[in-house]
Amino acid sequence: MSLQLTGIHHLTAITANAPENVRFYTQTLGLRLVKKTVNQDDTSAYHLFYADGEATPGTDLTFFDWPATPERRGTHSISRTGLRVGSKASLDWWKARFTELGVKAGEVTEVGGHASLDFEDGEGQRFRLIDDGGAGDSHPWDKSPVPAEHQIRGLGPITISVPDITNTEAILLHVMNMKKVRDYADPDGVGHVHVFAMGEGGPAAELHVAVQPDLPAARQGAGAVHHVAFRAPDVNALHEWTERLKSFRMPSSGEVERYYFRSLYFREPNGILFEIATDGPGFTVDEPLETLGEELSLPPFLEAKRASIEAGLKPLV
């Protein structure tokens with residue numbers, strides 16, 4: 001069997017307001033802050049990780065805290081992030097919650113084969129709640145303000161916007177071994193969306209490619225997505241992906257030790273940053289599961305600089 005990615009690992013976005021980001025994602029969305037650390041390449045910036053109750057791979061939504069101006073929306077970008085819930089009743093519950101809390105949201109409708117609800121955070125970060133039918137495991141967080149049956153179960157389909165799919169499709173099919181499974185009309189009326197599946201497929205393992213040649217090029221900023229990461233089960237699989245990219249003469253970062261996982265970065269032909277990341281060792285490598293995210297965590301190579309790093313960070317509350 002050919003080398004396979006097994007789904008979406010995490011998605012990293014940009015915020016210019018870390019305290020409000022923590023409030024929205026933990027109190028409004030009910031996610032668990034599972035790791036409070038810094039950007040390893042810019043230790044003046046928080047890197048915040050939100051996930052399910054057990055910090056399961058495939059549930060991580062992460063943010064770099066950078067003092068950025070708002071993004072300019074457009075193509076050459078990751079344009080919408082899917083989040084999975086277990087039923088149509090959950091979508092109705094979330095619609096009522098968003099209305100009550102003043103969160104910008106659309107209506108519950110069908111998009112690309114899934115009952116869905118689009119919404120945005122206060123910085124314009126675009127999301128789509130997806131009914132995944134309750135398939136697979138879920139790990140609710142017992143301290144979430146959201147009832148267990150309605151909690152976000154993990155990442156769903158990620159939508160990228162490109163002006164031309166030709167070269168991107170070739171990379172997805174022939175280098176990344178995805179399968180093209182269907183397509184649908186873009187709900188915003190500005191293009192057509194092609195669906196690619198990884199591994200066994202399903203909402204947790206889909207990349208949706210919207211072809212939108214009439215949009216301007218995006219400019220990253222607050223409210224934008226920085227990159228999307230795909231799952232490799234272990235370091236051996238990551239080594240295979242590293243060699244595979246080399247065999248196709250695709251430039252990459254080489255393997256990077258992120259401490260909680262090991263990563264490989266490269267750009268697809270429209271300039272969108274992709275990452276392949278291992279499932280382990282995970283976020284409990286330096287903190288007990290019970291107290292994840294409560295203190296600032298630093299990888300061992302930054303621990304000696306803890307005092308100066310902490311002095312340079314803003315309070316999150």
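In what follows, residues are counted from 1 in the order of the sequence shown. Both backbone and side-chain heavy atoms feed into the values below; hydrogens, waters and symmetry mates do not. Bear in mind the structure is a predicted one, so any value in this text is a computation, not a measurement.
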* Asked: Charged N to carboxylate O under 4.0 angstrom, Arg80 versus Asp186?
  -> no
* Do Arg153 and Asp132 meet the salt-bridge criterion of a basic N to acidic O distance under 4.0 Å? -> yes
* Which distance, rounded to the nearest 0.5 Å, do you find between the CG of Asn167 and the CG of Asn270? -> 7.5 Å
* Asked: In terms of side-chain geometry, is the basic nitrogen of Arg32 or Glu294 positioned less than 4.0 Å from the acidic oxygen of its partner?
  -> no
* Asked: Are Arg231 and Asp279 within salt-bridge range, i.e. N to O under 4.0 Å?
  -> yes
* Any donor-acceptor pair under 3.5 Å linking the side chain of Lys95 with the backbone of Glu107? -> no
* To do: Kindly determine whether Leu238 and Leu264 satisfy side chain to side chain contact (heavy atoms under 4.5 Å, CB included), including the steps that lead there.
  => CA-CA 8 Å; Leu238 190 69; Leu264 173 69; 3.9 Å; yes
* Asked: Can you check side-chain hydrogen bond (donor to acceptor under 3.5 Å, both in side chains) on Ser297 and Glu287, steps first, answer last?
  -> CA-CA 8 Å; Ser297 293; Glu287 291 183 294; 3.3 Å; yes
* Are the side chain of Asn39 and the backbone of Thr43 linked by a donor-acceptor contact shorter than 3.5 Å? -> no
* Asked: Ignoring hydrogens and geometry, is there a side-chain-to-backbone donor-acceptor pair from Thr278 to Asp234 under 3.5 Å?
  -> no
* Asked: With the threshold set at 4.0 Å, does a side-chain nitrogen-carboxylate oxygen contact exist between Arg258 and Asp60?
  -> no
* Structure fact -> One should read off an interatomic distance between Leu61 CG and Leu83 CG, to the nearest 0.5 angstrom, of 6.5 Å
* Between OH of Tyr46 and OG1 of Thr37, what distance do you get to the nearest 0.5 Å? -> 10.5 Å
* Asked: Can we call the ring centroids of His227 and Phe274 under 6.0 Å apart?
  -> no
* Asked: Got a sec: does the CD of Glu200 have more than 12 other heavy atoms crowding it under 6.0 Å?
  -> no
* Asked: Would a distance-only check, ignoring hydrogens and angles, find a side-chain to backbone donor-acceptor pair under 3.5 Å from Glu123 to Ala16?
  -> yes
* Asked: Can we call the ring centroids of His47 and Phe64 under 6.0 Å apart?
  -> yes
* To do: Verify the neighbour count for atom NZ of Lys179: are there more than 12 heavy atoms of other residues, nucleotides or ligands below 6.0 Å?
  => yes
* Under the side-chain hydrogen bond (donor to acceptor under 3.5 Å, both in side chains) rule, what do Asp121 and Tyr25 come out as? Steps first, then yes or no, please. => CA-CA 9 Å; Asp121 74 2; Tyr25 288 91; 2.6 Å; yes
* **Side chain His194, main chain Asp183, donor-acceptor under 3.5 Å** => no
* To do: Inspect the contact between Lys180 and Glu169 and indicate whether a charged nitrogen and a carboxylate oxygen are less than 4.0 angstrom apart.
  => yes
* To do: Go through the steps to decide whether Glu206 and Ile8 satisfy the test side chain to side chain contact (heavy atoms under 4.5 Å, CB included), and finish with yes or no.
  => CA-CA 7 Å; Glu206 287 181 356; Ile8 307 296; over 6 Å; no
* Taking NZ, NE, NH1 and NH2 as the nitrogens, is one of them in Arg97 or Glu100 under 4.0 Å from a carboxylate oxygen of the other? -> no
* To do: Check whether the side chains of Ser161 and Thr75 place a donor and an acceptor atom closer than 3.5 Å, and report yes or no.
  => yes
* Between Asp131 and Lys88, does at least one N-O distance fall below 4.0 Å, as a salt bridge requires? -> no
* **same_hphob_cluster(Leu316, Leu298) at 4.5 Å side-chain heavy-atom cutoff** => yes
* Is a donor on one side and an acceptor on the other found under 3.5 Å between the side chain of Thr166 and the backbone of Asp164? -> no
* Are Asp286 and Tyr259 close enough that a side-chain donor and a side-chain acceptor fall under 3.5 Å? -> no
* Asked: Would you say Gln220's side chain and Val225's backbone share a donor-acceptor pair under 3.5 angstrom?
  -> yes
* Asked: Hey, does the side chain of Ser90 reach the backbone of Glu149 with a donor-acceptor pair shorter than 3.5 angstrom?
  -> yes
* Check: Ala55 main-chain N/O paired with Thr59 side-chain donor or acceptor under 3.5 Å -> no
* To do: Would you check, one step at a time, whether the test side chain to side chain contact (heavy atoms under 4.5 Å, CB included) holds for Lys104 with Phe119?
  => CA-CA 6 Å; Lys104 183 177 180 180; Phe119 72 96; over 6 Å; no
* May I ask you to decide whether Glu120 forms a salt bridge with Arg126, counting only side-chain N to carboxylate O separations under 4.0 Å? => no
* **Approximate separation, where rounding is to 0.5 Å, of Arg182 CZ and Phe196 CZ** => 11.5 Å
* Verify, without hydrogens or angle tests, whether Trp94 (side chain) and His150 (backbone) share a donor-acceptor contact under 3.5 angstrom. => yes
* Structure fact -> One should read off an interatomic distance between Leu11 CG and Thr81 OG1, to the nearest 0.5 angstrom, of 4.0 Å
* Assess whether side-chain hydrogen bond (donor to acceptor under 3.5 Å, both in side chains) is satisfied between His226 and Thr12, documenting all intermediate values. => CA-CA 6 Å; His226 189 268; Thr12 296; over 6 Å; no
* **Ring center gap for His114 and His208 short of 6.0 angstrom** => no
* Asked: Could you go step by step and tell me if His192 and Gln212 meet the side-chain hydrogen bond (donor to acceptor under 3.5 Å, both in side chains) rule?
  -> CA-CA 7 Å; His192 207 72; Gln212 299 174 318; over 6 Å; no
* Asked: Is there a path from Leu5 to Tyr265 through hydrophobic residues (I, L, V, M, F, W, Y) whose side chains come within less than 4.5 Å of each other?
  -> no
* To do: Go through the steps for Leu172 and Leu207 under the test side chain to side chain contact (heavy atoms under 4.5 Å, CB included), then give the verdict.
  => CA-CA 9 Å; Leu172 298 180; Leu207 184 70; 3.8 Å; yes
